[in-house]
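A quick write-up on the structure given underneath.
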Amino acid sequence: MRQSLSMTRLLAFLVLALPLAAADLRQLNIDSFDQVWNTIRDRHWDPKLGGLDWQKVREELRPRIEQAATAEEARAILREMLGGLGHSHLGIIPAEAYGHMDPKGASREGSTGVNVRVIGGAALVVSVEPGSPAAEAGVRPGWEIRAIDGQDLAPALAAIPEGTRGKRWEGVWLTSLVMNRLAGSPGTAAEVTFRAGNRPVAAVIVRTRRRGTVYRFGFLPPVYVWSETRRLGNVGYFAFNLFLDPQNVMTAAEKAITGCFECDGFIIDLRGNGGGVLGMTIGLAGWFVNESGRLGTLFTRDAKVHFLVSPRPEVYNGSLAILVDGMTGSSAEVFAGGMQDLKRARVFGSVTAGGALPAQIEKLPNGDALLYAFADYISEGGKRLEGAGVRPDVEIGLTREALLAGRDPVLEAALKWIESRKEGKP
């Protein structure tokens with residue numbers, strides 16, 4: 001009898017506690033809405049918010065946040081509010097992301113080793129990491145990804161959200177969609193359907209731990225940072241995926257550059273580099289300039305900040321080529337555009353993502369985080385990169401035909417230019 005009574009009391013407590021928990025979550029979402037709205041009002045670099053009636057936005061959306069029953073409903077409303085501003089580096093990061101999990105609870109620490117770009121509406125393999133599961137499965141550059149885990153990609157690639165369609169970062173969204181579907185927990189299998197040439201190929205690829213080292217920066221989800229150094233004849237080559245993990249990346253860059261002072265040319269490959277810490281751009285630029293200069297200027301609501309570059313005691317004076325594409329963003333754009341304006345580098349590839357706003361992240365009461373831009377960036381040449389991107393000196397992109405033939409037209413163009421410079425041509 002006593003056991004039955006205790007169980008009755010426990011059930012009664014749970015029935016009473018459930019509405020309270022829901023009410024608490026609802027209040028945390030309301031508090032988060034207010035914090036996001038106030039932060040943009042007080043800290044956005046443009047007090048006029050581009051002409052957006054911010055008070056009206058609040059009046060329209062706050063009643064909806066008060067009725068939001070789940071965390072995902074609240075996020076959708078917050079994202080709708082931020083979407084009206086129409087620029088990059090602005091969004092809500094789910095609390096689950098801090099544990100390297102997506103909102104559905106799936107780990108993203110595993111990789112197939114496939115690198116993808118969406119070109120002409122098709123998800124194309126542009127490179128395969130040597131020794132990766134995809135390489136062992138025989139996947140080749142130029143193969144088109146048609147389906148992942150039984151889900152056709154075409155409908156997803158066509159469903160571009162409002163606020164993204166037609167923007168410079170549309171390609172970033174599409175490529176990220178495919179890469180996220182390929183990712184998963186290490187040890188799990190991705191069932192991928194390819195179009196290799198004109199024939200379908202099905203492959204089961206077991207994911208392994210992502211390339212690089214884990215790096216944590218503020219409230220951002222943990223990321224994997226890698227760098228790669230090669231010698232292409234007498235030309236140095238350095239690539240890295242993020243302007244993060246400065247100790248490892250800048251040490252690797254220094255070793256690559258100082259070991260190539262006598263090289264005919266040097267290539268920095270920023271294709272796919274999503275940016276990161278702006279200060280690293282100044283340190284990297286210092287290896288290539290003979291006199292002080294600026295990579296551009298940040299404009300906050302109250303001040304200007306100039307990105308001053310000073311030469312290092314010993315610098316590389318040879319031909320410098322920078323490779324970019326539509327996945328090159330943020331600090332990577334600042335570096336490429338800044339070096340272009342200083343006339344110290346020649347830029348090859350396709351127009352960059354156009355998301356070059358400095359941003360901060362702050363925690364919200366409901367456990368999510370707000371990513372917001374606090375400054376605008378203008379290059380030394382007077383160009384606003386946000387929404388426009390860096391336009392290469394030599395515009396050239398990847399094609400399926402070239403990839404299937406094992407060619408990299410962008411890298412080839414850079415090498416050809418370096419060779420011509422060695423022969424005294426401009």
Side-chain angles (χ1 to χ4, degrees), residues 227-240 243 246-271 273 275-298 304-324 328 330-349 352 356 358 377-383 385 390-394 410-411 413-426:
S227 64
E228 176 186 341
T229 301
R230 284 192 276 156
R231 187 69 71 89
L232 305 172
N234 197 35
V235 176
Y237 174 94
F238 183 70
F240 60 109
F243 277 83
Q247 181 174 353
N248 287 323
V249 170
M250 297 305 286
T251 298
E254 178 178 2
K255 185 176 180 180
I257 298 164
T258 56
C260 209
F261 277 149
E262 302 304 318
C263 288
D264 296 330
F266 197 86
I267 295 172
I268 298 178
D269 193 342
L270 297 180
R271 291 177 292 180
N273 189 305
V277 178
L278 280 167
M280 289 176 64
T281 65
I282 299 172
L284 185 58
W287 285 108
F288 300 100
V289 297
N290 285 308
E291 56 185 37
S292 297
R294 297 194 304 202
L295 290 184
T297 303
L298 298 184
K304 295 180 182 180
V305 180
H306 300 296
F307 273 68
L308 301 175
V309 178
S310 297
R312 293 179 180 262
E314 190 175 8
V315 301
Y316 176 75
N317 289 306
S319 300
L320 175 64
I322 298 175
L323 313 186
V324 298
T328 304
S330 191
S331 299
E333 294 181 276
V334 170
F335 179 80
M339 297 299 282
Q340 184 184 53
D341 283 348
L342 290 174
K343 302 189 184 306
R344 180 57 191 92
R346 193 163 178 82
V347 180
F348 296 79
T352 61
Y377 169 82
I378 304 296
S379 74
E380 194 60 18
K383 294 173 288 189
L385 298 185
V390 176
R391 187 164 295 280
D393 299 293
V394 178
V410 182
L411 180 60
L415 289 169
K416 183 177 180 180
W417 172 72
I418 291 171
E419 182 65 24
S420 71
R421 295 266 291 179
K422 188 177 71 170
E423 296 172 358
K425 299 176 182 178

Holding to ring pair (Phe, Tyr, Trp, His ring centres under 6.0 Å), I want the full list of residues that pass it with Phe240, two or more places apart in sequence or in another chain.
Phe238, Phe243
Take Leu278 and Ser331 through the side chain to side chain contact (heavy atoms under 4.5 Å, CB included) test and state the conclusion after the steps.
CA-CA 5 Å; Leu278 280 167; Ser331 299; 3.5 Å; yes
Within the structure provided, determine whether Arg391 and Val347 are in side-chain contact (heavy-atom separation under 4.5 Å).
no
Do side-chain atoms of Thr328 reach the backbone of Thr352 as a donor and acceptor pair under 3.5 angstrom?
no
Passes side chain to side chain contact (heavy atoms under 4.5 Å, CB included), Leu320 versus Ile268? Steps please.
CA-CA 8 Å; Leu320 175 64; Ile268 298 178; 4.1 Å; yes
Would you say the side chain of Val324 lies within less than 4.5 Å of the side chain of Pro392, judging by non-hydrogen atoms?
yes
Please answer whether the main-chain N or O of Phe335 pairs with a side-chain N or O of Thr281 as donor and acceptor at a distance below 3.5 Å.
no
Any non-hydrogen side-chain atom of Val390 less than 4.5 Å from a side-chain atom of Leu385?
yes
Hey, could you give me each pair passing salt bridge (Lys or Arg N to Asp or Glu O under 4.0 Å) that has a residue in residues 228-237? Not counting sequence neighbours.
Arg211-Glu228, Glu228-Arg230
Which residue pairs pass the side-chain hydrogen bond (donor to acceptor under 3.5 Å, both in side chains) test with at least one member in residues 285-298, sequence neighbours excluded?
Asn290-Asn317, Arg294-His306, Arg294-Glu380, Thr297-His306
Can you tell me which residue pairs pass the salt bridge (Lys or Arg N to Asp or Glu O under 4.0 Å) test with a partner in residues 337-346, sequence neighbours excluded?
Asp341-Lys383
Applying side chain to side chain donor-acceptor pair (under 3.5 Å), name anything that partners Asp264, two or more places apart in sequence or on another chain.
Asn234
In this structure, CZ of Arg271 is separated from CG of Leu411 (nearest 0.5 Å) by 6.0 Å
Counting C-beta onward and ignoring hydrogens, is there a side-chain heavy-atom pair between Cys263 and Val235 closer than 4.5 Å?
no
Any idea which heavy atoms bring Asp393 and Ala345 closest together, and the distance?
OD2-O, 4.0 Å
Sequence neighbours left out, what passes side chain to side chain donor-acceptor pair (under 3.5 Å) with Ser319? Give chain and number order.
Arg421
Determine the minimum heavy-atom distance between Ala414 and Leu323, stating which atoms define it.
CB-CD2, 3.7 Å
Measure the spacing between CZ of Arg312 and CG of Leu284 and express it to the nearest 0.5 Å.
8.0 Å
For Asn273, all residues meeting side chain to side chain donor-acceptor pair (under 3.5 Å), sequence neighbours excluded:
none
For residues 251-260, run the donor-acceptor check on the side chains, cut-off 3.5 Å, and write out each pair with its distance to 0.1 Å, sequence neighbours left out.
from   : atom 1 : to     : atom 2 : distance (Å)
Thr251 : OG1    : Gln247 : O      : 2.5
Thr258 : OG1    : Glu254 : O      : 2.7

Geometric class of the Tyr316/Phe261 ring pair [parallel <30°, tilted 30-60°, perpendicular >60°]:
parallel
Side chain to side chain donor-acceptor pair (under 3.5 Å) partners of Tyr237, counting only residues at least two apart
Asp269
To check you understand the geometry: which heavy-atom pair defines the closest contact between Val309 and Gly286, and what is its length?
CG1-N, 3.8 Å
